[in-house]
Amino acid sequence: MNNIYRDRTRLFFVIGYILLLAGYSTQILAQSVIPRDTSFTVYQAYQKEKKKLPYIEIIPMELQPGTVAFEDITYSVIPDSPYGNRELQLNLYRPDNNEKYPALLMVHGGGWNSGDRSLQIPLAQHIATYGYVTIPVEYRLIPEALYPAGLHDIKTAVRWIRANAGQYGIDTTRIAISGCSAGAQLASLVGMTNGSPQHEDKREYPDFSSEVHAVVNIDGILDFTVDEIIVRAAQTQAEGKKLPVDALWLGGVYEERKEVWEEASSIYWVTERAVPICFINSLYPQFHYGRDILIEKLDKYGLYHEKHQIEEYIHPFWFFHPWFDSVVKYTTDFLDKVLPERSEESE
C-alpha cells in the first residue's frame, strides 16, 4: 500500500513538473518569436566609425564602485500581443545605499527599428555614480509594432517608476528622461506631451502620472514634418522602394499619415507643462531637425534649455571615448541644475 502511495506521489510530482516546464517553455517560445532587427550594435557602429576616426574606443559595460544593479525587471505585460504575454523589461542602477535619489529613464536608439536597452548601460552605470537611479528601458520597435506603441511603452515605464519608487529609493518629484538618436526623439516627445491625453495609453498603473520633469536629447530629431523627410519618403514610395525607417515607423508617407507625423513631432506639443531640455548634438544637422523651433517655443513659456555640440561628424558619439565623459558631464550638470531640490515627500 505504501509503495502504491509513493509511486502515485512520484507520478503526480513528475506530471506537475512537466506541466510547469511546459508553461515556462510556452513563455520562452512566445518571447523568442518576437521579430527583431539586430543590425544596430555598438560593435557595428565602432566598425563603421573607426574607418574615419581610428582613435575611438568603446566604453565597456562595467558596474561602477559604490553602485548596485537590478536587471531584467519586467515593467509591463501586454496580454493581447501576437506573441503571447509580451513582457517588457528594464534595468536599474543606483548608489548602493539607502538614500532616495532622482530617476533618469534612458531610451536607446537604433532608428525605431533596431537596438536594445543594453546600448544605454555604460551611460547608466556611470551616471548612477553622480547620485541618480538610472533606468535603461526596452520598448517595442518596428518589427513588432509601429508608433505609438513605443511611446506608450515608455510612458508606462514612467508610471512604473512612480508605482515602485519606494522599493528602489526613487524621489518621484525628480524624474527625468534621456534618449539617444531615435530614443532622444521619443524622450523629447514624452517631455513635451506632459498632460496630453492624446499621447497616453494608461492600461497599466492608471493611478500614476506619466509626467517627467526634464529631458536630455542626445542627437534626436524634434520634427518629422521638415521638407527633407517628407520629400525623401514620397520619392521612395514613388520609386516603389522600401520606405525610409521614419516613414515605416509612422505607418506611411506624410500625405497618408499627416496627423500621425505631427503627433510624433515634439515641436507641435510645447505647452506650459513642457519641461527643461538639454541638447547634446553632433555636427550632423539631420539629427536635430526641429531643435531651433522647439527652443523658440520653450522661450515663450520661460522654460530652460541648453545646447551642447560635439565638434565631429559622428552620430553615435555617446558610445565612445573621447566624447563619453562629456556626455556624462553635460547630462549630470544639467539635471543637477534643473531638477528641484530633494523632496522629503514623493508625489
Starting from the C-alpha separation in whole Å, work towards a yes-or-no answer on salt bridge (Lys or Arg N to Asp or Glu O under 4.0 Å) for R232 and D246.
CA-CA 10 Å; R232 184 186 69 217; D246 40 25; 2.5 Å; yes
Can you name the nearest heavy-atom pair linking D201 to R159, along with the distance?
O-NH2, 3.1 Å
So if you build clusters from Ile, Leu, Val, Met, Phe, Trp, Tyr with side-chain heavy-atom gaps below 4.5 Å, do L92 and L63 land together?
no
Walk me through it: do E263 and Y147 pass the test side chain to side chain donor-acceptor pair (under 3.5 Å)?
CA-CA 10 Å; E263 182 184 300; Y147 176 90; 2.9 Å; yes
Would the Y139 and H108 ring centres measure less than 6.0 Å apart?
yes
Going by distance alone, is a donor N or O of one side chain under 3.5 Å from an acceptor N or O of the other, for E256 and Q237?
yes
Please confirm whether the backbone N or O of Q64 pairs with a side-chain atom of T67, one donor and one acceptor, at under 3.5 Å?
yes
Within a strict 4.5 Å, meaning less than it, do heavy atoms of the K337 and E306 side chains meet?
yes
On a heavy-atom basis, which atom in D37 and which in S114 lie closest, and how many Å separate them?
O-OG, 2.6 Å
Just by distance, no angles: are the side chains of E200 and S210 close enough, under 3.5 Å, to form a donor-acceptor pair?
yes
Are any of the side-chain heavy atoms of Y55 and K50 separated by less than 4.5 Å?
no
Under the ring pair (Phe, Tyr, Trp, His ring centres under 6.0 Å) test against Y168, which residue among Y132, Y101, W160 passes?
W160
N/O donor-acceptor pair under 3.5 Å between R162 side chain and E211 backbone:
yes
So, applying side chain to side chain contact (heavy atoms under 4.5 Å, CB included) with H288, which one of L294, I280, I221, N281 is it?
N281
Any V137 side-chain heavy atom under 4.5 Å of D153 side chain:
no
Could you state whether V226 and V231 fall into the same hydrophobic cluster, counting links through intermediate Ile, Leu, Val, Met, Phe, Trp or Tyr residues with side-chain heavy atoms under 4.5 angstrom apart?
no
S265 side chain vs F224 backbone, donor-acceptor pair below 3.5 Å:
yes
What's the separation between atom CD in E87 and atom CG in N85, rounded to the nearest 0.5 Å?
7.5 Å
For a 4.5 angstrom cut-off between non-hydrogen side-chain atoms, does E312 reach L53?
yes
What do you reckon, is NZ of K52 surrounded by more than 12 foreign heavy atoms closer than 6.0 Å?
yes
Find the distance between CD (E62) and CD (Q125) and round it off to the nearest 0.5 Å.
7.5 Å
Do L250 and R257 touch side chain to side chain, with heavy atoms closer than 4.5 Å?
no
What's the spacing between E49 CD and I58 CD1 if we round to 0.5 Å?
11.5 Å
Pairs under 3.5 angstrom only: tabulate donor-acceptor contacts from the side chains of residues 313-330 to other protein residues two or more places apart or in another chain.
unit_1	atom_1	unit_2	atom_2	d
H315	ND1	D219	OD2	2.8
H315	NE2	S181	OG	2.7
K329	NZ	D333	OD2	2.9

Using modelled atom types and a 3.5 Å cut-off, is there a donor and acceptor pairing between side-chain atoms of T134 and backbone atoms of A124?
yes
Would you say the side chains of T225 and Y268 form a donor-acceptor pair under 3.5 Å?
yes
Give me the ring orientation class for H199 and W269: parallel if the planes are under 30° apart, tilted from 30 to 60°, perpendicular past 60°.
perpendicular
Would E144 and R36 satisfy salt bridge (Lys or Arg N to Asp or Glu O under 4.0 Å), going step by step from the backbone distance to the final call?
CA-CA 7 Å; E144 182 178 359; R36 302 183 189 277; 5.4 Å; no
Who passes side-chain contact (heavy atoms from CB on, under 4.5 Å) against E239, sequence neighbours left out?
K241
I'd like to know if L151 and L105 are part of one continuous hydrophobic network [Ile/Leu/Val/Met/Phe/Trp/Tyr, side-chain heavy atoms within less than 4.5 Å].
yes
With a cut-off of 6.0 Å (strictly less than), are more than 12 heavy atoms of other residues, nucleotides or ligands near OH of Y43?
no
Apply the test side chain to side chain donor-acceptor pair (under 3.5 Å) to residues Y46 and Q44: give CA-CA distance (whole Å), side-chain angles for both, the deciding distance (0.1 Å), then the verdict.
CA-CA 5 Å; Y46 173 73; Q44 175 270 339; over 6 Å; no
Does E204 form a side chain to side chain donor-acceptor pair (under 3.5 Å) with T156? I'd like the steps, not just the answer.
CA-CA 7 Å; E204 294 177 281; T156 297; 4.7 Å; no
Between T271 and R273 (side chain of the first, backbone of the second, donor and acceptor by atom type, cut-off under 3.5 Å), is there such a pair?
yes
Give me the atom names and distance for the closest heavy-atom approach of T173 to D171.
OG1-OD1, 2.7 Å
L243 CG to L248 CG distance, which is reported to the nearest 0.5 Å
5.0 Å
Which atoms form the tightest heavy-atom contact between D223 and G290, and what is the distance?
CB-CA, 3.9 Å
Side-chain contact test, heavy atoms from C-beta onward, threshold under 4.5 Å: evaluate it for K155 versus Y205 and give yes or no.
no
Point-to-point distance, once rounded to the nearest 0.5 Å, from CD of E296 to CZ of R291:
12.0 Å
Straight-line distance of L141 CG to L146 CG, nearest 0.5 Å
11.0 Å
Is V68 reachable from I121 through a run of hydrophobic residues whose side-chain heavy atoms are each under 4.5 Å from the next?
no
Under 3.5 Å donor-acceptor, N164 side chain and Q167 backbone
no
Can you check whether L283 reaches Q309 side chain to side chain, under 4.5 Å on heavy atoms?
yes
So, N91 side chain and D72 main chain: donor-acceptor pair closer than 3.5 Å or not?
yes
Backbone N/O of V212 and side chain of N194: donor-acceptor pair under 3.5 Å:
yes
Restricting to ring pair (Phe, Tyr, Trp, His ring centres under 6.0 Å), what partner residues turn up for Y254, sequence neighbours left out?
W261
Determine whether Q286 and E228 satisfy the following criterion, side chain to side chain donor-acceptor pair (under 3.5 Å), listing intermediate values before the conclusion.
CA-CA 9 Å; Q286 66 267 34; E228 292 88 343; over 6 Å; no
With a 3.5 Å cut-off and no angle check, do the side chains of Y93 and E71 form a donor-acceptor pair?
yes
Measure across G150 and L186 and return the closest heavy-atom pair with its distance rounded to 0.1 Å.
C-CD2, 4.5 Å
Evaluate whether atom CD of E259 has more than 12 neighbouring non-hydrogen atoms of other residues, nucleotides or ligands under 6.0 angstrom away.
no
What pair of heavy atoms forms the shortest contact from G111 to I142, and how long is it?
O-CD1, 4.1 Å
So, the side chain of R203 versus the backbone of P206: is there a donor-acceptor pair under 3.5 Å, distance only?
no
Is V133 reachable from L90 through a run of I, L, V, M, F, W or Y residues, each pair having side-chain heavy atoms under 4.5 Å apart?
yes
Looking only at atom types and distance, does a side-chain atom of T129 sit under 3.5 Å from a main-chain N or O of H126, one as donor and one as acceptor?
yes
Do C278 and H305 have side chains that get closer than 4.5 Å, going by heavy atoms?
no
